[in-house]
Colleague: 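Pasting in a structure now, in structure tokens, and then I'll have a few things to ask.
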Protein chains: 2
Amino acid sequence: MKENSQERLLRLLSLFADEEKGEWSVDEASVHLGISASQTYRYFRTLASAGYISAYTTGRYVLGPAIIELDRKLRIGDPMIHAARSIMREMLSTAPSASIAILCRYFRGQVMCVHEEFETYQHHEISYERGQPRPLYQGAASKVILANLPLRQARAYFNHAPDKFNQFGLGANWTEVKRSLRELRSQPAIITAGELGTSASGISAPIYDDKRVLGSVSLVLPITVATEEVTSFLMPVVAAAGQEMTRKMQHLAQLQQ
Amino acid sequence: MKENSQERLLRLLSLFADEEKGEWSVDEASVHLGISASQTYRYFRTLASAGYISAYTTGRYVLGPAIIELDRKLRIGDPMIHAARSIMREMLSTAPSASIAILCRYFRGQVMCVHEEFETYQHHEISYERGQPRPLYQGAASKVILANLPLRQARAYFNHAPDKFNQFGLGANWTEVKRSLRELRSQPAIITAGELGTSASGISAPIYDDKRVLGSVSLVLPITVATEEVTSFLMPVVAAAGQEMTRKMQHLAQLQQ
DNA sequence: GCAAAATTATCACAATACGAAAAAAATTGT
DNA sequence: ACAATTTTTTTCGTATTGTGATAATTTTGC
């Protein structure tokens with residue numbers, strides 16, 4: 001827990017991401033971070049003059065335009081998203097209309113959607129939303145990552161929320177969980193229904209780097225069209241997309257560019 | 001140009017936004033920033049372990065998932081975007097189909113789109129793209145901000161790129177520019193055609209905070225439908241949207257919430 | 001397996017980040 | 001318009017730590 005001044009600055013910035021709170025005053029942040037008011041003012045000034053936060057009215061700060069600028073650069077330049085785009089589009093073309101394809105990443109012990117592809121835009125209520133961290137035990141895109149994590153890590157997550165693991169059908173104790181993770185891993189792609197909200201069904205396959213799992217590609221379909229027939233057709237499609245992504249990621253690493 | 005260590009850290013992060021380059025090695029960043037290699041390693045480690053950058057292969061760093069997380073929070077929580085959403089949608093409903101509504105902000109001496117509303121998604125080629133800074137002299141959404149800036153600032157920008165100002169019809173010298181800015185300011189909304197690419201036309205109105213201009217709301221239409229008749233109908237619509245936004249921003253400031 | 005590159009650790013010192021308190025500036029109430 | 005708050009910046013002395021150079025270690029490419 002030794003922290004230097006740069007880490008403190010970033011921790012202040014992450015206040016705007018972590019908490020449900022979208023705006024912070026200097027005083028609030030000061031007590032929350034355990035930093036003196038004068039120093040917190042210095043941090044706020046630094047972040048504000050770089051555009052990462054912005055005072056939309058006196059004393060109240062929110063995230064600033066520099067975030068948008070960075071996000072655009074990421075959208076355009078991220079190698080994983082770039083590699084995924086065509087694969088996801090092709091996968092989507094074989095799926096029923098109103099389906100969407102999502103690319104997720106393992107991040108900070110959670111799962112975060114980093115890219116979406118869809119034919120026609122429609123607000124999907126409760127699902128993987130770009131940029132929203134989701135737990136590892138809920139939904140296909142998460143579970144497939146969990147199942148491919150080293151057992152040590154999986155166990156640590158299980159110990160942290162055993163009730164949740166049970167609630168989402170992964171087992172009531174570690175022995176059961178271990179068995180169901182092995183079972184999930186043995187399938188080419190994994191399918192869930194109604195685990196985030198009740199209206200969607202997910203089909204997901206893992207993406208590997210070299211040794212460890214990086215994330216997952218998934219199809220999310222309206223639960224009404226996710227019949228046994230449809231999902232059994234799509235399972236190998238999604239599995240192939242995952243394998244193709246894995247291949248591309250390894251190829252990328254070799255290009256060293 | 002006195003810079004502390006936090007500012008240096010943010011400057012390193014902004015390398016990933018400023019330059020055309022989307023990926024950096026430690027050495028490249030080290031020479032570019034004029035910081036020793038060992039210290040640059042420390043900065044990279046700090047940013048990486050907070051998720052702002054990520055090594056997608058050994059030695060090559062790109063922006064990390066934390067950016068996406070912050071961007072989502074901004075999209076959801078930003079007071080200006082929140083205030084704009086309904087106004088933009090209503091404005092859009094009176095416009096020809098295939099039009100889009102954009103919300104721009106004055107940022108770092110440039111103009112950046114921070115939010116878009118559209119009926120049906122279609123990739124608009126060259127226009128205001130969310131997160132891409134644009135110069136003040138090009139396009140309606142920019143010009144309306146420029147025209148409402150304090151003259152001192154406008155003059156400074158003119159001196160910085162007089163040829164560009166002339167190219168986009170603002171005048172060949174400061175006297176002419178000053179006159180055309182006044183002329184632009186006198187209109188309820190300003191209209192341009194084909195200034196970004198050749199296929200779009202823009203109608204924009206300014207948004208004020210209390211005294212200074214914050215940004216602009218605009219309609220972007222396919223140039224083919226932007227007839228005199230259509231634009232003269234839409235001009236007061238956009239102007240009203242700008243005024244409504246101004247009202248909401250001032251109301252927001254008074255709520256102090 | 002070995003050479004090369006990437007990353008981390010060590011160290012000594014100057015630079016600066018820090019909190020407390022005071023000063024200045026901006027904002028609000030009346 | 002003026003006073004009362006609140007917000008923000010400055011000052012200052014000191015202990016902390018950020019820093020570059022170099023070495024040690026780990027990882028990677030072949």
Side-chain angles (χ1 to χ4, degrees), chain A residues 1-13 23-62 64 79 208-212 214 249-257, chain B residues 1-13 23-62 64 79 208-212 214 249-257:
Chain A
M1 176 58 180
K2 260 188 211 151
E3 199 185 33
N4 64 23
S5 78
Q6 292 94 333
E7 287 166 335
R8 263 190 296 274
L9 184 83
L10 294 183
R11 192 155 59 95
L12 167 50
L13 183 55
E23 51 174 71
W24 290 83
S25 73
V26 174
D27 280 341
E28 290 164 354
S30 169
V31 302
H32 200 93
L33 297 173
I35 303 175
S36 73
S38 51
Q39 192 58 19
T40 307
Y41 269 107
R42 284 190 268 250
Y43 283 150
F44 268 69
R45 184 170 34 181
T46 300
L47 286 174
S49 62
Y52 292 97
I53 62 176
S54 161
Y56 82 99
T57 186
T58 46
R60 314 251 81 196
Y61 290 82
V62 294
Y208 277 87
D209 186 352
D210 222 343
K211 15 194 68 178
R212 58 187 150 212
L214 277 185
M249 293 310 288
Q250 287 169 354
H251 192 60
L252 252 176
Q254 280 169 19
L255 280 183
Q256 186 68 306
Q257 183 224 7
Chain B
M1 175 56 182
K2 260 191 210 149
E3 198 184 35
N4 63 25
S5 79
Q6 291 95 332
E7 287 167 334
R8 263 191 297 273
L9 183 83
L10 294 183
R11 192 154 59 95
L12 167 51
L13 183 54
E23 50 175 72
W24 290 83
S25 73
V26 174
D27 280 342
E28 290 164 354
S30 169
V31 302
H32 200 93
L33 298 172
I35 303 176
S36 75
S38 51
Q39 192 58 18
T40 307
Y41 269 108
R42 284 190 270 250
Y43 283 150
F44 267 70
R45 186 169 32 181
T46 299
L47 287 173
S49 61
Y52 293 96
I53 63 175
S54 160
Y56 82 99
T57 186
T58 45
R60 315 252 82 196
Y61 290 81
V62 294
Y208 276 88
D209 186 352
D210 223 342
K211 15 193 70 179
R212 57 186 150 213
L214 277 185
M249 294 309 287
Q250 287 168 356
H251 192 60
L252 253 176
Q254 280 170 19
L255 280 182
Q256 186 69 304
Q257 181 224 7

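Note that the structure is a prediction, hence the values are computed from the model and not measured. Chain naming here is simple, since letters A, B, ... match the order of the sequence lines and numbering starts at 1 in each.
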Colleague: Measure the shortest side-chain to side-chain distance between A:I53 and A:L12 over non-hydrogen atoms and say whether it is less than 4.5 angstrom.
Modeller: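 Contact flag for A:I53/A:L12 side chains = no.
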Colleague: Could you give the CD-to-P distance, from A:E28 to D:dT8, as a whole number of Å?
Modeller: 12 Å
Colleague: What residues, two or more places apart in sequence or in another chain, satisfy ring-ring contact (aromatic ring centres under 6.0 Å, His included) together with B:Y61?
Modeller: B:F44
Colleague: Hey, which of these two, A:R8 or A:S25, hits DNA chain D nearer its 5' end, going by closest nucleotide?
Modeller: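 Counting from the 5' end, the first nearest nucleotide belongs to A:S25.
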Colleague: Within the 4.5 Å heavy-atom criterion, are A:Y43 and A:S5 side-chain neighbours or not?
Modeller: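 Yes; the side chains approach each other to less than 4.5 Å.
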Colleague: In the 5'-to-3' direction, what one-character label does each nucleotide of nucleotides 7-14 of chain C receive under the scheme B = base within less than 4.0 Å of a protein heavy atom, S = sugar-phosphate only, - = no such atom?
Modeller: BBBB----
Colleague: Between P on D:dT19 and CD1 on B:I35, what's the gap in Å once rounded to a whole number?
Modeller: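 After rounding, the reported distance stands at 7 Å.
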Colleague: Applying side chain to side chain contact (heavy atoms under 4.5 Å, CB included), name anything that partners A:S49, two or more places apart in sequence or on another chain.
Modeller: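 So A:S49 forms no side chain to side chain contact (heavy atoms under 4.5 Å, CB included) with any residue.
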Colleague: In whole angstroms, how far is the C1' atom of C:dA15 from the CD atom of B:E7?
Modeller: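 Interatomic distance, CD of B:E7 to C1' of C:dA15: 15 Å.
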Colleague: Could you go through the side chain to side chain contact (heavy atoms under 4.5 Å, CB included) check for A:L13 and B:Y52 one step at a time?
Modeller: CA-CA 11 Å; A:L13 183 55; B:Y52 293 96; 3.7 Å; yes
Colleague: Please confirm whether the shortest side-chain N or O distance from B:Y43 to OP1 or OP2 of D:dT19 is below 4.0 Å.
Modeller: yes
Colleague: Just the rounded figure in Å: distance from C1' of C:dG19 to CG of A:L33.
Modeller: 15 Å
Colleague: Rounded to the nearest angstrom, tell me the gap between atom CG in B:L9 and atom P in D:dG18.
Modeller: 11 Å
Colleague: Is a donor on one side and an acceptor on the other found under 3.5 Å between the side chain of A:T57 and the backbone of A:R60?
Modeller: no
Colleague: How many Å lie between CG on B:N4 and P on C:dT16, as a whole number?
Modeller: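 Atom CG in B:N4 sits about 9 Å away from atom P in C:dT16.
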Colleague: Measure CZ/A:R212 against C1'/D:dT27 and give the value in whole Å, please.
Modeller: 12 Å
Colleague: To the nearest Å, give me how far apart CG (A:D27) and P (D:dT9) are.
Modeller: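 Nearest whole value for this atom pair: 14 Å.
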